[in-house]
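Below: one structure, written as structure tokens.
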Number of protein chains: 2
Amino acid sequence: MTAAAPPMLTAVLDVARRQLGEVGPAALSLRAIAREVGVVPSALYRYLPGREAILTELIRSGYERLAGAVTEAEAAVPRADHLTRWRTTWRATREWAVAHPHEYALLYGTPVVGYRAPTETVGPATRVVLTLAQVAVDAQIAGARAPASEELGPEVMADAEAVRALLPELGLAVEVPIDPRLVMLVIDGWTTLFGAISFELFGHYERSVTARAEHLDLLARRRAAALGIVALGGATGRDHDGEAQSQA
Amino acid sequence: MTAAAPPMLTAVLDVARRQLGEVGPAALSLRAIAREVGVVPSALYRYLPGREAILTELIRSGYERLAGAVTEAEAAVPRADHLTRWRTTWRATREWAVAHPHEYALLYGTPVVGYRAPTETVGPATRVVLTLAQVAVDAQIAGARAPASEELGPEVMADAEAVRALLPELGLAVEVPIDPRLVMLVIDGWTTLFGAISFELFGHYERSVTARAEHLDLLARRRAAALGIVALGGATGRDHDGEAQSQA
DNA sequence: CGGCGTTCGTGAACAGTGTTCTCTCGATGG
DNA sequence: CCATCGAGAGAACACTGTTCACGAACGCCG
């Protein structure tokens, strides 16, 4: 967003991200960053208001790096293969997290900057769930329907309506009315995805789930089934009505 | 586990837990604790090997406090009402987390002690998921069956078998052979529960889910449905889907 | 060319942290 | 009554983030 990033600032942030990957968010030291850049600590205050600003910037760019890796993987899947797009999104998210555990922890672990996400990080933060939503909407356009009928409570329904109204301005391609249940099922999947990755990286699966990739794919297929997202070509999934959707 | 806890040690830990609730895990200061106890910092090293030991002990007791609140709430529900037991476990877990956000963050946020759970904390950490498992097993004994048939991959199947073999020694009352799918569905629910709470407390629901309690109950009912846990007496609750399961 | 002003980086300082070490009390046991 | 030993004090070390005064180098403009 800055007109032209000063080379010093980019050098600082590059070093900061490297050190973040080694020591983790809590141990990230402004003085250590300054040392590696080859400058005295106070010099950094020409470019940054403080340590928190470094973390905030790492959070913002972290969301974008994650979203970049995920959308790149998802974009490589044929558009009509909604189940593979869905599962690929899950798999790519986990693979990025496993490859960058400290960066993931900075994004989805305990908040470090004032226990409130800075406003400049909310935009990039939504891109993964938007990818999930796009797949779900595309599948719905292609004829997918959530198999189970469930009723949403009034407050949850209001949330779903509010989110639905927000979707177009977030860049979601919508050509069909969106069921509020669809919104809540996508949020369900989003929650499950990051819940499972956090459990894996934070050690809670240590004595139970060891086949992490396969397990996450199991969860992905379950949430896909709830959305009515079935395998391409019809009857591979467990779905009852064998109506295969048309595709380009 | 200590024979008799020295009064000084308990005083330190009490103060530490209080300060944890105010400033959070990252800002928990050994010197501040010593100040409030009325002693010089180095005096604490008579009783503790260092700051990490305080955090480890707070983690251990935190798991027990959470499990205590949850099992107390769950124990107040009639044994045969499996759905209410299940939903109550979810609700009580969230309510404890919301009431003690910093303590929750210490347990389920970014690991602070060496990125590996100390072995003395794994016991208490399993009690919530064991409660969920007990409800699921009781429901299965009463006739509940998971509606959807899904195939588990070989590695996930091996995990499920290993966990199943571990259950009896963890104190789970099992009188019936346990389906490996049941194991993985309980882990699914466990993951969803803490994923949703972490998302709420860590700010990721900020612009989407505002009806937190109702939303968590929606997730609880979805995971219960996957386990075949239905409302007592059939058609009670908002579930009007016909075919009630038989129950003792 | 000469001075000016702005920018950038330095270095010292302050308050705070976790941890280690030495020392001195004071109570307790023989 | 004296010796022992543990509890706590206090100083010190190596860090941390942050602030501030200073000085040197640079481009700009008359």
Side-chain angles (χ1 to χ4, degrees), chain A residues 2-59 102 105-106 109-116 118, chain B residues 2-59 102 105-106 109-116 118:
Chain A
T2 320
M8 179 69 163
L9 184 57
T10 69
V12 166
L13 292 176
D14 283 351
V15 169
R17 179 158 33 238
R18 255 215 43 253
Q19 295 204 357
L20 169 66
E22 295 172 357
V23 303
L28 190 66
S29 160
L30 183 143
R31 292 183 107 105
I33 295 169
R35 269 194 299 271
E36 184 169 328
V37 176
V39 88
V40 91
S42 60
L44 301 188
Y45 285 80
R46 297 271 165 202
Y47 308 93
L48 294 159
R51 196 189 98 113
E52 281 201 355
I54 300 181
L55 290 173
T56 300
E57 181 54 27
L58 290 180
I59 290 173
H102 287 125
L106 181 65
T110 313
V112 283
V113 288
Y115 241 85
R116 181 62 76 208
Chain B
T2 319
M8 178 69 163
L9 185 57
T10 69
V12 166
L13 293 176
D14 284 350
V15 169
R17 179 158 34 238
R18 255 215 43 254
Q19 295 204 357
L20 169 66
E22 295 171 358
V23 303
L28 191 65
S29 160
L30 183 143
R31 291 183 107 106
I33 295 170
R35 269 194 299 272
E36 184 169 328
V37 176
V39 90
V40 91
S42 60
L44 301 188
Y45 285 80
R46 296 270 164 202
Y47 309 93
L48 294 158
R51 195 190 99 113
E52 281 202 355
I54 300 181
L55 289 173
T56 300
E57 181 53 28
L58 290 181
I59 290 174
H102 287 125
L106 181 65
T110 312
V112 284
V113 287
Y115 241 85
R116 181 64 76 210

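The sequence lines fix the lettering, A, B, ..., with proteins before strands; numbering per chain opens at 1.
Protein chain A contacts DNA chain C over a range whose 5' and 3' limits, counting nucleotides with an atom under 4.0 angstrom from a non-hydrogen atom, are C:dC8 to C:dA13. For DNA chain D, the outermost nucleotides in 5' to 3' order that have an atom under 4.0 Å from a heavy atom of chain B are D:dA7 to D:dA12.
With sequence neighbours excluded, the residues forming a side-chain contact (heavy atoms from CB on, under 4.5 Å) with B:A53 are B:L48, B:P49, listed by chain and number. Residues forming a salt bridge (Lys or Arg N to Asp or Glu O under 4.0 Å) with B:R51 (at least two apart in sequence, or on another chain): none. Qualifying side-chain contact (heavy atoms from CB on, under 4.5 Å) partners for B:V23, counting only residues two or more places apart in sequence or in other chains: B:A27.
Toward the 5' end of DNA chain D, the nearer of the two residues A:R46 and A:A32, judged by each one's closest nucleotide, is A:A32. In terms of position along DNA chain C, the nucleotide closest to A:R31 lies nearer the 5' end than the nucleotide closest to the other residue of the pair A:R31 and B:P41.
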Exercise. Step by step, would you call A:L30 with A:Y45 a side-chain contact (heavy atoms from CB on, under 4.5 Å)?
Worked result: CA-CA 10 Å; A:L30 183 143; A:Y45 285 80; 3.9 Å; yes

For this session: Quick one: do A:L9 and A:E57 satisfy side-chain contact (heavy atoms from CB on, under 4.5 Å)? Show the steps, please.
Result: CA-CA 11 Å; A:L9 184 57; A:E57 181 54 27; over 6 Å; no

For this session: Apply side-chain contact (heavy atoms from CB on, under 4.5 Å) to the pair A:L28 and A:L58, showing each step before the final yes or no.
Result: CA-CA 11 Å; A:L28 190 66; A:L58 290 180; 3.8 Å; yes

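Note on B:V40: a base of the nucleic acid sits closer than 4.0 angstrom, heavy atoms only. Residue A:I33 is out of contact with every strand shown, counting any heavy-atom pair closer than 4.0 Å. Here A:L48 lies out of heavy-atom contact (under 4.0 Å) with every strand.
With a 4.5 Å cut-off on side-chain heavy atoms, B:T110 and A:V112 do not count as touching.
Sequence neighbours left out, the pairs with a member in residues 26-46 of chain B that pass salt bridge (charged side-chain N to carboxylate O under 4.0 Å, His left out) are B:R18-B:E36.
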